[in-house]
Amino acid sequence: MRHLAGVVLAIVMAAAVFFAASWGYFRLLIVPARSGALPAGGGSLLHNHAVLGAFGALLAVGLLAGLLIAIPRISPLAAGLPGLLLLAWTALYLLSVRHAVHYIPLKTRAYGAGFEAMLFDGVLALLGAALIIPLFIPSRWRTRREVTEPAPYVGTMTTFPDLQATQDMQADNGVPSDWTQTRTHPQADPNSLGTSGSAQAPWGPAEYS
């Protein structure tokens, strides 16, 4: 479907080159031809509506060509097919000028005359070489699919009493705080065994039920 839309855009681009660009180029050529000297006598052309309209047509075609070349989502056929056509016409002009001029339609109109002038001046070859660039970019032939990156995994941590006690480590020696609070018991004096007559365990007397 994307390439089918590219073929439709290629027809639009070819029509824009033939009608708009050819008309604008022809209007720019006849301005110095009529005056026989520099356009506008070497002055400003801002008040010449014919020149401004011709430049506007050329800029519009150039903008359309740039969008078809630069936008990755557009099929390369949109710019490539008109480019191949212009290069083929230029090659035919180099092989046989008569045949190349014969196949130009509407030569009696400004469109045909301007297209012929662009062919003679090499403008069609320049434009065609720029339009075929997307044909040589492999990524333009593949459909771009949006890949959604998976959200970072946030696991649930189960709290265990022993694990919580282990994590409470002291910063100085890395020993759990519960361990540092271990109760210390007094040790029995060995010399006192003789006087007491019985040895008492350091943990206190045993209790019997």
Among residues at least two apart in sequence or on other chains, which ones pass side-chain contact (heavy atoms from CB on, under 4.5 Å) with Pro105? Phe18, Trp89
Residues at least two apart in sequence or cross-chain that pass side chain to side chain donor-acceptor pair (under 3.5 Å) with His49, listed by chain then number, are none
Applying the 4.5 Å side-chain criterion to the ILVMFWY set and letting contacts propagate, would Leu85 and Leu95 be lumped into a single cluster? no
Please report the interatomic distance OG(Ser22) to CG(Leu106), rounded to the nearest 0.5 Å. 10.5 Å
If I take atom CG from residue Leu87 and atom CG from residue Leu124, how far apart are they, to the nearest 0.5 angstrom? 9.5 Å
Pairwise side-chain contact, Leu64 with Met13, heavy-atom cut-off 4.5 Å (strictly under): yes
Minimal heavy-atom distance between Pro76 and Arg2, with the atoms involved, is CD-NH1, 4.5 Å
How long is the straight-line distance from CG of Leu59 back to CG of Leu63, given to the nearest 0.5 Å? 8.5 Å
Provide the closest heavy-atom pair for Ala54 versus Gly24 in the form atom of the first, atom of the second, distance. CB-O, 3.3 Å
Single-linkage hydrophobic cluster, 4.5 Å side-chain cutoff, Met1 and Val12 together: no
Measure the CD1-CZ distance between Ile137 and Arg142 for me, rounded to the nearest 0.5 Å. 11.0 Å
Side-chain heavy atoms under 4.5 angstrom apart, residues restricted to Ile, Leu, Val, Met, Phe, Trp, Tyr: same cluster for Val17 and Leu68? yes
Taking every non-hydrogen atom, the tightest pair across Ala130 and Pro134: O-CD, 4.2 Å
Which residues pass the side-chain contact (heavy atoms from CB on, under 4.5 Å) test with Ile71, not counting sequence neighbours? Leu67, Arg73, Ile74
Applying the 4.5 Å side-chain criterion to the ILVMFWY set and letting contacts propagate, would Val7 and Leu9 be lumped into a single cluster? no
If we only count heavy atoms from C-beta on, is the Leu46 to Val51 side-chain gap below 4.5 Å? no
Identify the two heavy atoms, one from Ala20 and one from Ala57, that lie closest to each other, and give their separation to 0.1 Å. O-CB, 3.6 Å
Flag the pair Arg109 / Trp23 as yes when at least one side-chain heavy-atom distance between them is below 4.5 Å, and no otherwise. no
Looking at NE2 of His3 and OG of Ser75, how far apart are the two atoms once the value is rounded to the nearest 0.5 Å? 4.5 Å
Hydrophobic cluster identity match, Trp141 and Leu4, side-chain contacts under 4.5 Å: no
Looking at every heavy atom in both Leu58 and Ala21, which two are closest together, and how far apart are they? CD2-O, 3.4 Å
Please identify each residue that fulfils side-chain contact (heavy atoms from CB on, under 4.5 Å) with Leu84, with sequence neighbours left out. Ile132, Leu135
Please identify each residue that fulfils side-chain contact (heavy atoms from CB on, under 4.5 Å) with His47, with sequence neighbours left out. none
Residues 110-122, side-chain donor-acceptor partners within the protein, below 3.5 Å, at least two apart:
{"unit_1": "Asp121", "atom_1": "OD2", "unit_2": "Tyr25", "atom_2": "OH", "d": "2.6"}

Here the gap from Leu131 atom CG to Leu81 atom CG, rounded to the nearest 0.5 Å, amounts to 10.5 Å
